[in-house]
Amino acid sequence: MSSLLVDNIGELVTNGTGEGPLGIRRDAAVLVEEGRVVWVGPSAYAPAADRRLDAGGAAVLPGFVDSHAHLVFAGDRAAEFAARMAGEPYTGGGIRTTVGATRAATDDELRATVRRLRGEALRQGTTTMEIKSGYGLTVADEARSLRIAAESSTETTFLGAHVVPAEYADRPDDYVELVCGPMLAAAAPYAKWVDVFCEQGAFDVDHARAILAAGQAAGLGVRIHANQLGPGPGVQLGVELDAASVDHCTHLSDADVDALAGTAHSDGSGTRTVATLLPGAEFSTRSPYPDARRLLDAGVTVALATDCNPGSSYTSSMAFCVALAVREMRMTPAEAVWAATAGGARALRRDDIGVLAPGARADLVVLDAPSYLHLAYRPGVPLIHQVMRNGVTP
């Protein structure tokens with residue numbers, strides 16, 4: 001059994017036992033065997049290993065967990081972005097532009113985009129990435145989108161209910177019936193999760209409930225796009241259906257926050273339903289940022305994700321989202337890093353990622369910096385020096 005020792009770590013973020021909310025250890029080492037962490041402790045007491053990686057006194061943290069991304073698409077919407085920057089509001093209507101391009105693309109073209117963006121994210125420290133469908137919106141195109149997504153991630157999400165496609169614009173009930181029936185049946189073999197864009201102009205609460213319930217009946221876990229463009233019922237529907245995550249959460253009422261806080265675990269370890277915040281979308285649409293402070297102060301578990309997509313958040317950088325969360329959403333650097341690692345894992349209901357502790361997957365990032373603080377302190381600087389996924393350097 002081959003082993004690897006990562007030692008001479010100046011600051012190790014474990015998200016477990018250690019100093020402060022990030023479980024920091026100083027002058028630390030991590031022992032890896034068969035893709036798993038088997039020991040964490042002081043470098044001076046590290047066990048022998050077959051190979052050694054010297055961190056050079058730098059900071060090491062768990063790989064980022066990006067729990068919300070839309071990577072299966074064709075084309076881009078740079079002109080739409082330019083129009084928004086010139087003052088046009090974001091309505092979500094541009095999704096249909098990407099649907100047309102995606103339907104026209106070949107499997108190999110879609111696969112190339114997914115692999116390009118997944119590789120881009122991995123080089124920036126993202127070791128786990130959820131991938132949604134949602135730009136096909138036909139039975140065949142949603143199934144192939146998820147089949148291609150599953151080649152790059154085990155965390156795949158059926159989002160046939162992204163918007164109502166143009167051909168069903170006057171028949172939304174018929175489209176919902178299609179999503180709940182033949183489309184779900186074709187997509188479910190390649191999906192772990194089901195998601196709905198519950199928003200004015202997309203799917204109302206009754207349609208969203210029907211689609212998510214059908215996904216649950218097919219064995220899929222629930223996620224939901226909620227309360228992005230304005231107040232609405234999405235967050236409370238997600239809580240009602242035991243969603244792992246409600247995503248965006250830009251416009252929340254007191255009742256929404258209370259509903260999320262009401263899913264708290266009895267052991268004080270946070271909430272069962274996570275609020276996943278996507279500051280890249282607010283940056284790219286010039287929209288108000290979510291009030292992360294309000295959620296955190298209420299005891300709600302918060303995750304950060306990129307929402308990587310061609311229309312409203314074309315970034316794959318979790319470090320950028322950490323910096324935005326600190327600057328624009330009143331999160332501390334520690335809260336933002338936790339949300340981008342352990343928080344993302346919670347949003348996927350995983351306990352084997354987002355942490356560096358015995359038994360966890362050996363996904364870690366070596367920074368070109370002495371502390372995790374530099375992720376927010378030095379925005380836009382490529383601080384990811386080395387990435388390890390499953391104990392292997394890609």
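No hydrogens, no waters, no symmetry mates; every other heavy atom, side chains included, goes into these values. What you are looking at is a predicted structure, and each value in this text was computed from that prediction instead of being measured.
- Minimum heavy-atom separation, P288 to T250: O-CG2, 3.1 Å.
- Here H162 contributes atom NE2 and R96 contributes atom CZ; the two are 11.5 Å apart, rounded to the nearest 0.5 Å.
- Counting heavy atoms of neighbouring residues, nucleotides and ligands inside a 6.0 Å radius, atom CD of Q200 does not exceed 12 of them.
- Taking the charged nitrogens against the carboxylate oxygens, R209 and E240 do have a contact shorter than 4.0 Å, which makes a salt bridge.
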Problem set entry | Full working for side-chain hydrogen bond (donor to acceptor under 3.5 Å, both in side chains) between T106 and D108 | CA-CA 5 Å; T106 66; D108 283 345; 5.5 Å; no
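- Through direct or relayed side-chain contacts under 4.5 Å between Ile, Leu, Val, Met, Phe, Trp and Tyr, L348 connects to V65, W193, I353.
- Put simply, the side chain of V13 does not reach to within 4.5 Å of the side chain of V60, judged on heavy atoms.
- The line from CG of D351 to OG of S269 is 11.0 Å long, rounded to the nearest 0.5 Å.
- Of the residues listed (T393, V392, L53, L31), the one engaging L4 in a side-chain contact (heavy atoms from CB on, under 4.5 Å) is L53, and it is the only one.
- Put simply, the residue from R349, R223, R350 that forms a salt bridge (charged side-chain N to carboxylate O under 4.0 Å, His left out) with E155 is R350.
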For this session: Could you walk me through whether E33 and S3 pass side-chain hydrogen bond (donor to acceptor under 3.5 Å, both in side chains), step by step?
Result: CA-CA 5 Å; E33 292 179 357; S3 57; 4.7 Å; no
For this session: Take T285 and S312, measure what side-chain hydrogen bond (donor to acceptor under 3.5 Å, both in side chains) needs, and give me the verdict at the end.
Result: CA-CA 6 Å; T285 60; S312 61; over 6 Å; no
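- A salt bridge links R147 with D107: the distance from a Lys NZ or Arg NE/NH1/NH2 to an Asp or Glu carboxylate oxygen falls below 4.0 Å.
- Counting only heavy atoms from C-beta outward, the side chains of T102 and L110 approach each other to under 4.5 Å.
- Looking at V302 and V274, their side chains never come closer than 4.5 Å, going by heavy atoms from C-beta outward.
- With contacts defined as side-chain heavy-atom distances shorter than 4.5 Å, the pair L237/L241 qualifies.
- V257 and A298 make their closest contact through CG1-CB, 3.6 Å (heavy atoms, listed as atom of the first residue, atom of the second, distance).
- R294 has a carboxylate O that lies under 4.0 Å from a charged side-chain N of D254, or vice versa, which qualifies the two as a salt bridge.
- Between the CG atom of L278 and the CG atom of L324 there is a distance of 11.5 Å, given to the nearest 0.5 Å.
- Looking at every heavy atom in both residues, V246 comes nearest to C249 through O-SG, 3.5 Å.
- Within 6.0 Å of CZ on R378 lie no more than 12 heavy atoms contributed by other residues, nucleotides or ligands.
- Side chains of L375 and V326 form no contact here, defined as non-hydrogen atoms less than 4.5 Å apart.
- A centroid separation of less than 6.0 Å is found between the aromatic rings of F320 and F283.
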Exercise. What's the verdict on side-chain hydrogen bond (donor to acceptor under 3.5 Å, both in side chains) for R118 and S316, showing C-alpha distance, side-chain angles and the deciding distance?
Worked result: CA-CA 8 Å; R118 183 66 193 94; S316 57; over 6 Å; no
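- Salt-bridge formation is detected for the pair R293/E335: a Lys NZ or Arg NE/NH1/NH2 atom is positioned less than 4.0 Å from an Asp or Glu carboxylate oxygen.
- Annotation for Y314: atom OH counts as buried by contact number, over 12 foreign heavy atoms lying within 6.0 Å.
- With T127 contributing its side chain and D363 its backbone, the two residues share no donor-acceptor pair below 3.5 Å.
- Between T128 and D66, the side chains place no donor N or O within less than 3.5 Å of an acceptor N or O (distance only, hydrogens not considered).
- Note on K132 versus E130: salt bridge recorded, some NZ/NE/NH1/NH2 to OD/OE distance being below 4.0 Å.
- Applying the ring pair (Phe, Tyr, Trp, His ring centres under 6.0 Å) rule to Y168 yields the partners Y175; only residues at least two apart in sequence or on another chain are considered.
- For the pair L364 and P62, the minimum side-chain heavy-atom distance is 4.5 Å or more.
- By the 4.0 Å N-to-carboxylate-O rule, R103 lies close enough to E167 to be salt-bridged with it.
- For the pair G344 and A303, the tightest heavy-atom approach, listed with the atom from each and the gap, is N-CB, 3.8 Å.
- Shortest non-hydrogen contact noted between L184 and G215 is CD2-N, 3.9 Å.
- Within 6.0 Å of CG in D50 there are more than 12 heavy atoms belonging to other residues, nucleotides or ligands.
- The environment of E34 atom CD is sparse: at most 12 non-hydrogen atoms of other residues, nucleotides or ligands sit within 6.0 angstrom.
- Between R25 and E11 no salt bridge is recorded (no basic side-chain N to carboxylate O distance below 4.0 Å).
- The shortest distance between side-chain heavy atoms of L252 and D291 does not fall below 4.5 Å.
- N8 and D54 get closest at one heavy-atom pair: ND2-OD1, 2.9 Å.
- Relative orientation of the Y135 and F73 rings is perpendicular, given thresholds of 30° and 60° on the angle between their planes.
- In the displayed structure, H374 atom NE2 is contacted under 6.0 Å by more than 12 heavy atoms of other residues, nucleotides or ligands.
- Judged as a ring-ring contact (aromatic ring centres under 6.0 Å, His included), the pairs with a partner in residues 229-263 (not counting sequence neighbours) are, in order, H68-H248, H225-H248.
- In this model, a donor atom of one side chain and an acceptor atom of the other lie less than 3.5 Å apart for D173 and H207.
- For the pair R330 and D297, the salt-bridge criterion is not met [side-chain N within less than 4.0 Å of a carboxylate O].
- Checking side-chain atoms of S284 against main-chain N and O of A281 turns up no donor-acceptor pair under 3.5 Å.
- Other residues, nucleotides and ligands contribute at most 12 non-hydrogen atoms within 6.0 Å of the CD atom of E177.
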